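Owing to the predicted nature of the structure, the values given are computational and were not obtained by experimental measurement.
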Amino acid sequence: MADTKREIERKYESDDSGLPDLTGVAGVANVVDKGTVDLDATYYDTSDLRLASSKVTLRHRSGGSDEGWHLKLPVATGVRDEIHAPLSEAIPDELAALTRSRVREGQLVPVVRLRTTRDVQHLIDAHGLLLAEVSVDRVQATRLFGGEGTAQWTEIEVELADGGDPAFLDKVEKRLGKAGVQPSKSPSKLSRALAETHGGTPSPARPDTGKPVTAGDHVLAYVRAQRDAIVALDPAVRLDTEEGVHDMRVATRRLRSTFRSFGKVLDREVTDPVAVELKWLAGELGVGRDLEVLAERLTASLDEVPAGLVDGPVHDRLRGWAEAGDRGSRRRLLGALNSERYLTLLDTLDALCADPPLLKAAAGTPEKVLPKAVHKDFAKVTDLIETGMAQPPGTDRDHGLHEARKKAKRTRYAAEASQPALGKPAKAMVKSMKSLQSRIGEHQDSVMARETLRELSAVAHAAGENTFTYGLLHSREEQRAAAVEADLPKAWKKVRAKAPF
C-alpha cells in the first residue's frame, strides 16, 4: 500500500565548499550531523518525457531510510505530494495508475540514473524537535534513454519537517544567502540531469501561444486550462483526496459549457461529440460526489433533531445507505478512469486544443464577440427563472428552478472565460451568477433530500420501524425550500438590476 506525504523543499547551488554554519538561523538550537548515505535512483518516463514535461517524477531508489518507489506530483513551487511504495522489480500498479492521465498508452522506461552521496544534517529546535533536514548532495547523472552522456554537480537541499511552518525555510534561505549560497536554477535533480546530458530538456505539454489577442485566443486559453485541470486532477481523484472529484467534475462542466456558450467561436459539429463524452465523465464523477453531499446534509439535519424525536435506528440506516453507495460509486469511478473511453477522451481534448475548430467569429475582437455569448446565456437564465417562479409550488417549479441553476452555471463559466478580456463587468457577472447558483442550489438540494427521505422511510416502514423521524426531516426540508422560493423574487430583482451584460 502506498503512503502519501506533502514534501516542501528548496534547492541551492553548491561550489563543493560544504554546508555553511546554520546555528545562527532563528529557532535553531542545535545542528545534528546524521552522517552520509549513498542513494541510487532510476527515473522512469515515456520516450517523449511526458512526466517530466508536467513536472512529475517517478523513480526507483535504493539506499536511505525511505528507499522504494516514489511518485512526486507538483502542488506549487517547491511543494510536491510524494507517494511512496515498497521496493519491487516492476513499477507498482498503484503508482502506474496515478500517471495514466499523462502516460496514456505510452510505455514507462528508465531515462536517467542518479547516484548521490548525501551528507545529512538535522536542524533541531529548543524542544528537540526536527525543523528541517539539510543535505549536501554530490550527484552523478547518467542518461539511459533519449540521449547519452553523464553530468555531475553538487547541490544543497533543505526539506521542511512534516507539519513544519514553511516560513522557517525563508530563515534558512536568508542565512544561506549571507554565506553566498544561491537558489538552484533547476527545480529538481531530474530536470538538471535531463538538461545537462545529451538529449535536451523535455518539451512543454503544449507550445506557448502567447498573450490572448482574439476572441478565439481567450476561449481556447480557457479550454486548455480545463483540459489541463482534468489531467492534473486525475491522481487526486484516484487517491480520493478531499475535493479532487469535485474539482475535476467542475472542469468537465466548464468545458461543456464553454463549447455551448461559444458556439460561434468553436464549431459545435466538432465539439458536440466531445461534450457528450464530457457529460459521461461528469456523470461518473457525480455519482459519489452527489451522494457525499446529500449524506452530509441529511446527517447534519438529523443531528439537529432532539434525541426524544429520533425514533428507530435512523442514524444507522442513514450511515449504512451512505456507506453502501460510496463503496459502489468508488468502484464505478475507478473503472471509468481505467477505461479506454476515458483515455480516448483525453486524447481527443489534446487534439482539439492542438488543432481547434475555429469559426469566423474566433478572429473577432474579444470586446465584441465575448459579451454577446455571455448576454445570450444570461437571457436564458432570465427566461427560466421567471418562468419557474410563475409556476405553483411543486414538481414543475422544482424542475424549472433546477434548469435555471444549470444555465446560471453556464453563464458564470462564460463570464469566467471572458474575464481576462472584459475585466470588471465579467467579474461582476461571475460573482452574481455564483450567488444565484448557490441560492437555487440550496433549493435543489432540498428536493433531492426529500426524495431520499421518502425512499429511506419506505425501507424503514417495510422493516417494521417507526418512520416519524423521516417525516420530521422531510417537513424541515420543505420549509427550507419554501424559504428559498419566498426570497428568490427579491434576490433575482437585484441580480437583474446589476447585470452588466
Checklist entry - Between K189 and E157, does at least one N-O distance fall below 4.0 Å, as a salt bridge requires? => result yes
Checklist entry - For the side chain to side chain contact (heavy atoms under 4.5 Å, CB included) test, which of V270, L343, V274 pairs with T348? => result V274
Item to check | Presence of salt bridge, R238 and D234, under 4.0 angstrom | outcome: yes
Item to check | Pairs flagged by side-chain hydrogen bond (donor to acceptor under 3.5 Å, both in side chains) wherever residues 293-302 is involved - sequence neighbours left out | outcome: R297-E442, R297-E477
Item to check | More than 12 heavy atoms of other groups within 6.0 Å of D93 CG | outcome: no
Checklist entry - If you measure from NE2 on H375 to CE on M429, what distance do you get to the nearest 0.5 Å? => result 9.0 Å
Checklist entry - Donor-acceptor pair, T99 side chain versus A96 backbone, under 3.5 Å? => result yes
Checklist entry - Does L453 offer a backbone N or O that forms a donor-acceptor pair with the side chain of S457 under 3.5 Å? => result no
Checklist entry - Do any N or O atoms from the side chain of D396 and from the backbone of Q391 form a donor-acceptor pair under 3.5 angstrom? => result no
Next on the checklist: Donor-acceptor check, side chain of S88 to backbone of A90, threshold 3.5 angstrom: yes or no?
Outcome noted: yes
Checklist entry - Between L266 and L220, what is the shortest heavy-atom contact and its length? => result CD2-CD2, 4.1 Å
Checklist outcome for this item: When rounded to the nearest 0.5 Å, the distance separating OG1 of T387 from CD of E403 is 11.5 Å
Checklist entry - Quick one: does D3's side chain have a donor or acceptor within less than 3.5 Å of a partner on H84's backbone? => result no
Next on the checklist: Let's go through D350 and R104 carefully: what are the C-alpha distance in whole Å and the side-chain angles of both, what is the deciding distance for salt bridge (Lys or Arg N to Asp or Glu O under 4.0 Å) to 0.1 Å, and is it a yes or a no?
Outcome noted: CA-CA 12 Å; D350 285 349; R104 315 284 170 82; 2.9 Å; yes
Next on the checklist: With a 3.5 Å distance limit and no angle check, can you tell me whether S53 reaches the backbone of R50 through a side-chain donor-acceptor pair?
Outcome noted: yes
Checklist outcome for this item: Rounded to the nearest 0.5 angstrom, the OG1-CZ distance for T42 and R61 is 11.5 Å
Checklist entry - Do you know which two heavy atoms are closest between L278 and T252, and how far apart they sit? => result O-CB, 4.1 Å
Next on the checklist: Under the rule for side chain to side chain donor-acceptor pair (under 3.5 Å), what residues qualify as partners of S65, not counting sequence neighbours?
Outcome noted: none
Checklist entry - Applying the salt bridge (charged side-chain N to carboxylate O under 4.0 Å, His left out) test to D81, which of K5, K72, R6, K55 qualifies? => result R6
Checklist entry - What class does the angle between the rings of W69 and H60 fall in, given that below 30° is parallel, 30 to 60° is tilted and above 60° is perpendicular? => result perpendicular
Item to check | Pairs where residues 306-316 contributes a residue and the test side-chain hydrogen bond (donor to acceptor under 3.5 Å, both in side chains) is met, not counting sequence neighbours | outcome: D316-R319
Next on the checklist: Between D377 and K407 (salt bridge meaning N to carboxylate O under 4.0 Å), is one present in this structure?
Outcome noted: no
Checklist entry - Looking at residues at least two apart in the chain, or sitting in another chain, which of them share a side chain to side chain donor-acceptor pair (under 3.5 Å) with W321? => result none
Next on the checklist: Under a 3.5 Å distance rule, please check whether T452 uses its side chain to pair with a backbone N or O of M448 as donor and acceptor.
Outcome noted: yes
Checklist entry - At their closest point, which heavy atom of E416 faces which heavy atom of V430, and how far apart are they? => result N-CG2, 3.6 Å
Next on the checklist: Between the side chains of R439 and D487, is the shortest nitrogen-to-carboxylate-oxygen separation below 4.0 Å, so that they form an ion pair?
Outcome noted: yes
Next on the checklist: With rounding to the nearest 0.5 angstrom, report the CD1 to CG distance, I230 to L233.
Outcome noted: 8.5 Å
Next on the checklist: Run the side-chain contact (heavy atoms from CB on, under 4.5 Å) test on N338 and Y342 for me, step by step, so that the C-alpha distance in whole Å, both residues' side-chain angles and the decisive distance to 0.1 Å come before the verdict.
Outcome noted: CA-CA 7 Å; N338 290 326; Y342 172 65; over 6 Å; no
Next on the checklist: Between T469 and L309, does the side-chain contact (heavy atoms from CB on, under 4.5 Å) criterion hold? Intermediate values first, please.
Outcome noted: CA-CA 7 Å; T469 306; L309 297 180; 5.7 Å; no
Item to check | Side chain R330, main chain G288, donor-acceptor under 3.5 Å | outcome: no
Next on the checklist: Looking at every non-hydrogen atom in both residues, tell me the closest pair between A481 and R450 and how far apart they are.
Outcome noted: CB-NH2, 3.4 Å
Item to check | Residue pair R80, E82: steps toward the salt bridge (Lys or Arg N to Asp or Glu O under 4.0 Å) verdict | outcome: CA-CA 6 Å; R80 295 185 291 183; E82 179 181 285; over 6 Å; no
Next on the checklist: Using side-chain hydrogen bond (donor to acceptor under 3.5 Å, both in side chains), reason through Q437 and R412 one step at a time and then give a plain yes or no.
Outcome noted: CA-CA 9 Å; Q437 170 191 330; R412 171 189 167 187; 3.1 Å; yes
Checklist entry - Can you find a heavy atom in the side chain of M389 that is under 4.5 Å from one in the side chain of L488? => result yes
Checklist entry - Going through the distances and angles, do V381 and W492 end up as a side-chain contact (heavy atoms from CB on, under 4.5 Å)? => result CA-CA 10 Å; V381 176; W492 172 242; 4.1 Å; yes
Checklist outcome for this item: Correct closest heavy-atom pair for C353 and R224 would be O-NH2, 2.7 Å
Next on the checklist: Within the 4.5 Å heavy-atom criterion, are L73 and I83 side-chain neighbours or not?
Outcome noted: yes
Next on the checklist: Tell me the closest heavy-atom pair linking P212 and D217, and the distance in Å.
Outcome noted: CA-CB, 3.6 Å
Checklist entry - Between the side chain of S435 and the main-chain N/O of K431, is any donor-acceptor distance below 3.5 Å? => result no
Next on the checklist: The test is side-chain contact (heavy atoms from CB on, under 4.5 Å); show your working for H246 and V250 and say whether it passes.
Outcome noted: CA-CA 6 Å; H246 170 71; V250 169; 3.7 Å; yes
Checklist entry - With D240, which residues qualify under side chain to side chain donor-acceptor pair (under 3.5 Å), at least two apart? => result none
Next on the checklist: Treating S257 as the side-chain partner and R253 as the backbone partner, does any N or O pair qualify as donor plus acceptor under 3.5 Å?
Outcome noted: yes
Checklist entry - Which side-chain hydrogen bond (donor to acceptor under 3.5 Å, both in side chains) pairs, counting each pair once, include a residue from residues 459-468, with sequence neighbours left out? => result R317-E465
Checklist entry - Hey, which of R332, K279, R249 is the one that makes side chain to side chain donor-acceptor pair (under 3.5 Å) with E284? => result R332
Checklist entry - In terms of heavy-atom contacts, does CZ of R476 have more than 12 from other residues, nucleotides or ligands at under 6.0 Å? => result yes
Checklist entry - Can you tell me how far OH of Y413 sits from OG of S261, rounded to the nearest 0.5 angstrom? => result 11.0 Å
Item to check | Check ion pair E159-K11 (N to O, under 4.0 angstrom) | outcome: no
Next on the checklist: Assess the residue pair R480 and E485 against the criterion (salt bridge (Lys or Arg N to Asp or Glu O under 4.0 Å)); give the C-alpha distance rounded to whole Å, side-chain angles, the decisive distance to 0.1 Å, and a yes or no.
Outcome noted: CA-CA 9 Å; R480 291 176 181 174; E485 293 174 11; over 6 Å; no
Checklist outcome for this item: Output for pair (Y44 OH, I91 CD1), nearest 0.5 Å, gives 6.0 Å
